[in-house]
Amino acid sequence: MAALRYAGLDDTDSEDELPPGWEERTTKDGWVYYANHTEEKTQWEHPKTGKRKRVAGDLPYGWEQETDENGQVFFVDHINKRTTYLDPRLAFTVDDNPTKPTTRQRYDGSTTAMEILQGRDFTGKVVLVTGANSGIGFETAKSFALHGAHVILACRNLSRASEAVSRILEEWHKAKVEAMTLDLAVLRSVQHFAEAFKAKNVSLHVLVCNAGTFALPWGLTKDGLETTFQVNHLGHFYLVQLLQDVLCRSSPARVIVVSSESHRFTDINDSSGKLDLSRLSPPRSDYWAMLAYNRSKLCNILFSNELHRRLSPRGVTSNAVHPGNMMYSAIHRNSWVYKLLFTLARPFTKSMIL
């Protein structure tokens, strides 16, 4: 086998030997795939054995992994001053035999973000994640970055966002990540962010509307709107509108809106069934933090559904997601009551890496 010969080992007549016209390659995260040059196609399963494999261990001393202008991984041997598209660890692959689920559900409560992206190569893709300096947003940004995407962390606090970028670079020094300032509580900030993003002249393949707040006392933004409503919904709504043309030019593209199951426990219509705008940004006398949060999450769902209806014909899909019941994160930090509740529930909830 070519990998064995390249590693200086004797060849064998193993069943793992590839048929003529096939080549073994690896992704950035170490998963093996097979290229059929005759039919010009690729697949994860070995063409003879049907097995999936991944490389084991780190690269040998003196070797480094790079990516060419076409997004294909290649390897540099600095000691012998040579390059190759053949991973030197292919001689030491291990079989990957995942247990097939007994139901239609592919992922469950124990699935990690890295497992969801297993075998995916996002080289050349641009991903924007709001509220990415901590919690769900950080894990999402990190997972995309470690799989080759150019990730932009859009955060209110640029200092904390820069720290998050540094943490990602500590895991993979070649990750393409950057931080930009975005304050969803100020619509002018959203506008400035969109202008700065467009000035980069890059595509936008994935927009994750993740930033949010919870259990805030009543207050108004500089734009005169209730804070929870503007941060959780309206700011993202405005952001998507401003970047809609970029998303369409980048199609296929996707918008992910992080909502919550709590959207079920509220309504934004009045007694006659008509939309009551006063419920979206209520006065102090009608304000309850939990209800404001629920209503903002309902707006997320309605927005995502309508966005998908309008943009899917242009190659942009939109999905709203529920991250998990009682997931422990920093979103509860504004209320000591919820902080205590989440702390007590922490042993029974998902962590940020799940």
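What you see below is based on every heavy atom in this structure, not just the backbone, and it leaves out hydrogens, waters and symmetry mates.
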Strictly below 4.0 Å, N to O, side chains only: are [X] and [Y] in salt-bridge contact?
X      : Y      : result
Glu17  : Lys48  : no
Arg279 : Asp286 : no
Lys81  : Asp77  : no
Glu171 : Lys142 : yes
Lys200 : Glu178 : yes
Arg160 : Glu163 : no

Do the side chain of [X] and the main chain of [Y] share a donor and acceptor less than 3.5 angstrom apart?
X      : Y      : value
Thr213 : Thr228 : no
Lys198 : Leu242 : yes
His205 : Val126 : yes
Glu39  : Lys41  : no
Asn210 : Gly131 : yes
Ser304 : Ala320 : yes
Trp44  : Lys51  : no
Asn80  : Arg82  : no

Quick check for you: to the nearest 0.5 Å, what is the distance between [X] atom [atom1] and [Y] atom [atom2]?
X      : Y      : atom1 : atom2 : result
Lys125 : His150 : NZ    : NE2   : 14.5 Å
Glu139 : Ile136 : CD    : CD1   : 10.0 Å
Asn305 : Arg310 : CG    : CZ    : 12.5 Å
Ile256 : Leu207 : CD1   : CG    : 9.0 Å
Arg254 : Leu311 : CZ    : CG    : 13.5 Å
Leu204 : Gln244 : CG    : CD    : 12.0 Å

Locate the shortest heavy-atom distance separating [X] from [Y]; write the atom from each residue and the value.
X      : Y      : result
Ala149 : Val127 : CB-CG2, 3.9 Å
Val257 : Ser318 : CG2-OG, 4.5 Å
Tyr287 : Leu216 : OH-O, 2.7 Å
Ser281 : Phe229 : CB-CD2, 4.4 Å
Leu280 : Cys299 : CD2-SG, 3.7 Å
Leu153 : Ala164 : CD2-CB, 3.7 Å

Open item on the list: Show, in sequence, the C-alpha distance, side-chain angles and deciding distance for Thr130 and His236, and conclude whether the side chain to side chain donor-acceptor pair (under 3.5 Å) test is met.
Closed with: CA-CA 9 Å; Thr130 67; His236 281 128; 2.9 Å; yes

- [ ] Say whether Lys297 and Asn300, considering side chains only, have a donor N or O and an acceptor N or O under 3.5 Å apart.
- [x]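 Yes.
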
TODO: Would you kindly say whether Ser189 and Asp183 are connected by a side-chain donor-acceptor distance under 3.5 Å?
DONE: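 Absent: no donor and acceptor within the cut-off.
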
[X] versus [Y]: any side-chain heavy-atom pair under 4.5 Å?
X      : Y      : result
His78  : Glu64  : yes
Lys53  : Tyr34  : yes
Phe75  : Thr83  : no
Leu18  : His46  : yes
Tyr238 : His233 : no
Arg156 : Leu182 : no
Thr181 : Cys155 : no
Arg25  : Val73  : no

Open item on the list: The test is side chain to side chain donor-acceptor pair (under 3.5 Å); show your working for Asp223 and Gln230 and say whether it passes.
Closed with: CA-CA 9 Å; Asp223 302 295; Gln230 180 165 329; 2.8 Å; yes

Task: Pair Val177-Leu169, side-chain contact (heavy atoms from CB on, under 4.5 Å): steps then yes or no - done: CA-CA 8 Å; Val177 288; Leu169 291 173; 3.9 Å; yes

- [ ] Could you give me the CA-CA distance, side-chain angles and deciding distance for Glu226 and Arg295, then say whether salt bridge (charged side-chain N to carboxylate O under 4.0 Å, His left out) is met?
- [x] CA-CA 12 Å; Glu226 192 277 314; Arg295 286 171 176 167; over 6 Å; no

Open item on the list: My understanding is that only one of Leu128, Val316, Val206, Leu307 makes a side-chain contact (heavy atoms from CB on, under 4.5 Å) with Leu247; could you say which?
Closed with: Val316

Task: From Asp87, Ile79, Val76, Thr84, residue fulfilling side-chain contact (heavy atoms from CB on, under 4.5 Å) relative to Trp63 - done: Thr84

Task: Other residues, nucleotides, ligands: >12 heavy atoms within 6.0 Å of Arg89 CZ - done: yes

Task: Flag if over 12 foreign heavy atoms under 6.0 Å of CZ, Phe74 - done: yes

Check the hydrophobic clustering (I, L, V, M, F, W, Y; side-chain heavy atoms under 4.5 Å; chains of links allowed) and say if [X] and [Y] are grouped together.
X      : Y      : result
Trp31  : Tyr85  : no
Val190 : Leu158 : no
Leu184 : Leu302 : yes
Leu243 : Val186 : no

TODO: Could you walk me through whether Val255 and Thr317 pass side-chain contact (heavy atoms from CB on, under 4.5 Å), step by step?
DONE: CA-CA 6 Å; Val255 177; Thr317 60; over 6 Å; no

Open item on the list: Students often mix this up, so state it plainly: with edges at 30° and 60°, are the rings of Phe122 and His147 parallel, tilted or perpendicular?
Closed with: perpendicular

Open item on the list: Is the ring pair Phe193/Phe197 parallel, tilted or perpendicular, if the boundaries are 30 and 60 degrees?
Closed with: parallel

Open item on the list: One pair to check against side chain to side chain donor-acceptor pair (under 3.5 Å): Thr123 and Thr67. What are the steps and the verdict?
Closed with: CA-CA 9 Å; Thr123 300; Thr67 305; 5.0 Å; no

Open item on the list: Apply side-chain contact (heavy atoms from CB on, under 4.5 Å) to residues Gln65 and Leu59 and explain how you reach the verdict.
Closed with: CA-CA 8 Å; Gln65 181 177 282; Leu59 287 168; 4.1 Å; yes

TODO: Answer yes or no for Arg167 and Phe138: cation-pi contact, defined as NZ/CZ to six-membered ring centre under 6.0 Å and angle to ring axis within 45°.
DONE: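 Yes, cation above the ring, under 6.0 Å and within 45°.
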
- [ ] List the steps, then state whether side-chain contact (heavy atoms from CB on, under 4.5 Å) holds for Tyr293 with Ser260.
- [x] CA-CA 9 Å; Tyr293 177 79; Ser260 170; 3.7 Å; yes

